[in-house]
There are 2 protein chains.
Amino acid sequence: MKKKKKNENSSKIFEYHDHGACFGDAITQIEDYFIQKKLQLTPLRRKVFEILIEDHKPLGAYDILDKLGEAGFSSSPPIAYRVLGFLIEHGFVHKVQGLNAFIACSNPKHSHFPTFVICRKCEKVAEVSEEKSGLNLPSPRITNFKIEKTTIELTGICSTCENAEIR
Amino acid sequence: MKKKKKNENSSKIFEYHDHGACFGDAITQIEDYFIQKKLQLTPLRRKVFEILIEDHKPLGAYDILDKLGEAGFSSSPPIAYRVLGFLIEHGFVHKVQGLNAFIACSNPKHSHFPTFVICRKCEKVAEVSEEKSGLNLPSPRITNFKIEKTTIELTGICSTCENAEIR
DNA sequence: CGTTGGTATGTTATGTTATAACATGTAATG
DNA sequence: CATTACATGTTATAACATAACATACCAACG
Ligand SMILES: [Zn+2]
Ligand SMILES: [Zn+2]
Ligand SMILES: [Zn+2]
Ligand SMILES: [Zn+2]
């Protein structure tokens, strides 16, 4: 049996990801999707998505508005909320309820009921796919109920922050 | 094999419950808990809990404030938020994030990661215990993360409302 | 006693998040 | 060119939440 490097298979949730690639892929994906669905990826929509994918962390609507303002767009609240709503509808953005914030989807290709794992200390947020979370959604139905949307957020502390905590 | 009545085992999530009993039990439970923990179940705290358990549905903080006002208590926002925070800490109230609303816990005895099932049409909300939801939380840990709190909300449509929808 | 510390509540002001309602611009369709 | 659909702009306000400080009460201590 081959020796494994330490932590090689730890599948850390907050581990490094190649964000250069992530960013490019995301842009390509949204472009393709919009063409395929005959939707308009307008400068405003593109900009909002870029803002969110740029540092790939949750941003409040008003943070986004500020950045829109800096970039020369209008920055009144409905602008952000409308575009965010639209991007959410199409699965490219999620709302993190526990933070009143919005985050670019990590994998829009998956039709998913995403789980968000949120460290209360470093405030990192990871989107985990249904399979990976160990969290099994019931059948698409619980008895007598059709699930259309889920909010699943697990808040706690990541190992890095936990180790740093003084007890 | 014995014949079952129709729907006998349907375990409907929004089914009737004996709310007279539910109300009384809840009051008893909170009284016992507060005595045991040497906490003060003050008139204000009791009233807030009663308001929530009374119709057993989610109420916004400002709805609660109005009812406090009617009952002769102060009704400035911090009053409600403080008491709600306290009751939440002790597991007698939950916040329903998707509705910005608060609801009395259906079973404070269970140390639980509750799941809320929310009908978007009739706006009924059911609290489902971990076991019953068919939703399995991961081990207390996902890799390298310690879960302290969960927000699990399933929004959709209940069978009653679905049947009523015109297609 | 009178002080001190803990806990609960009251009050004012403000901060933060989100939407309603209506106006304007622009492009495709017939 | 009128009609429609859609995207964006603008103003105002609604809805949700907290900061900061003031007051009240009570129990324990010296
Ligand atoms: Zn990334
Ligand atoms: Zn996603
Ligand atoms: Zn009840
Ligand atoms: Zn509960």
Side-chain angles (χ1 to χ4, degrees), chain A residues 30-31 33-35 37-52 58-90 92-103 120 123 151 153, chain B residues 30 33-35 37-52 58-90 92-103 120 123 151 153 155:
Chain A
I30 196 170
E31 283 172 347
Y33 178 92
F34 270 58
I35 289 168
K37 292 267 186 172
K38 301 187 178 170
L39 300 170
Q40 304 179 50
L41 186 55
T42 60
L44 177 61
R45 288 173 179 166
R46 176 184 285 266
K47 185 66 190 173
V48 170
F49 184 67
E50 283 175 2
I51 288 168
L52 282 172
L59 293 177
Y62 284 76
D63 297 333
I64 294 167
L65 278 170
D66 288 347
K67 302 202 184 213
L68 284 177
E70 287 165 19
F73 292 87
S74 164
S75 61
S76 50
I79 295 291
Y81 284 102
R82 273 196 298 236
V83 173
L84 288 168
F86 185 85
L87 294 173
I88 287 170
E89 267 180 44
H90 293 283
F92 289 91
V93 169
H94 300 294
K95 179 168 185 185
V96 182
Q97 291 282 2
L99 302 173
N100 290 320
F102 302 87
I103 189 168
R120 65 166 157 75
E123 299 191 288
T151 299
E153 299 178 7
Chain B
I30 196 170
Y33 178 92
F34 271 57
I35 289 168
K37 293 267 187 174
K38 299 188 180 172
L39 300 170
Q40 303 177 51
L41 186 56
T42 60
L44 177 62
R45 286 173 179 166
R46 175 185 286 267
K47 184 65 190 174
V48 170
F49 184 67
E50 284 175 359
I51 287 169
L52 283 171
L59 292 176
Y62 283 72
D63 297 332
I64 294 167
L65 278 171
D66 288 346
K67 301 202 184 211
L68 284 177
E70 288 165 18
F73 292 88
S74 165
S75 60
S76 50
I79 295 292
Y81 284 102
R82 273 194 299 235
V83 172
L84 288 168
F86 185 85
L87 294 173
I88 288 170
E89 268 181 41
H90 293 283
F92 289 91
V93 169
H94 300 294
K95 179 167 185 186
V96 182
Q97 291 281 3
L99 303 172
N100 291 323
F102 302 86
I103 189 167
R120 66 167 157 76
E123 299 191 289
T151 300
E153 299 177 5
T155 304

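In the text below, chain A, chain B and the rest are named by the order of the sequence lines, each starting its count at 1. Source: prediction; values computed, not measured.
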Is there side-chain contact between [X] and [Y], with heavy atoms separated by less than 4.5 Å?
{"X": "Y33(A)", "Y": "L39(A)", "answer": "yes"}
{"X": "L84(B)", "Y": "I64(B)", "answer": "yes"}
{"X": "Y62(A)", "Y": "P77(A)", "answer": "yes"}
{"X": "V93(B)", "Y": "L52(B)", "answer": "yes"}
{"X": "K47(A)", "Y": "L68(A)", "answer": "yes"}
{"X": "F102(B)", "Y": "I88(B)", "answer": "yes"}
{"X": "E153(B)", "Y": "V96(B)", "answer": "yes"}

Exercise for review: Please list, chain by chain and in numerical order, all residues satisfying ring pair (Phe, Tyr, Trp, His ring centres under 6.0 Å) with F86(B), sequence neighbours excluded.
Suggested key: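 Ring pair (Phe, Tyr, Trp, His ring centres under 6.0 Å) list for F86(B), sorted by chain: F34(B), H90(B).
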Study note, to complete from the structure: Under a 4.0 Å heavy-atom criterion, the protein footprint on nucleotides 24-30 of chain C, written with B, S and -, is -------
Revision key, fill the gap. Scoring nucleotides 16-23 of chain D by protein non-hydrogen atoms under 4.0 Å (B base, S sugar-phosphate only, - none) yields BBBB----
Check your understanding: Is a side-chain N or O of D66(A) found less than 3.5 angstrom from the main chain of D63(A), in a donor-acceptor match?
Key -> no
Check your understanding: Are any side-chain N or O atoms of R45(A) and backbone N or O atoms of L87(A), one a donor and one an acceptor, separated by less than 3.5 Å?
Key ->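 No.
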Between [atom2] on [N] and [atom1] on [X], what's the gap in Å once rounded to a whole number?
{"X": "K47(B)", "N": "dA8(C)", "atom1": "NZ", "atom2": "C1'", "answer": "19 Å"}
{"X": "L87(B)", "N": "dA8(C)", "atom1": "CG", "atom2": "P", "answer": "11 Å"}
{"X": "I79(A)", "N": "dA20(C)", "atom1": "CD1", "atom2": "P", "answer": "16 Å"}
{"X": "L65(B)", "N": "dT9(C)", "atom1": "CG", "atom2": "P", "answer": "14 Å"}

Check your understanding: Considering residues at least two apart in sequence or located in another chain, which fulfil the salt bridge (Lys or Arg N to Asp or Glu O under 4.0 Å) criterion with E31(A)?
Key -> R46(A)
Review point. Do any of residues 38-45 of chain B sit with a heavy atom less than 4.0 Å from DNA chain C, and if so which?
Key: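 Those residues are Q40(B), T42(B), L44(B), R45(B).
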Practice item. Specify the closest pair of heavy atoms between L65(B) and S76(B), including all atoms of both residues, with the distance to one decimal. Key: CD2-O, 3.4 Å
**Study point:** Sorted by number, the residues of residues 67-75 of chain B with heavy-atom contact under 4.0 Å to DNA chain D
**Key:**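 Result for residues 67-75 of chain B: none.
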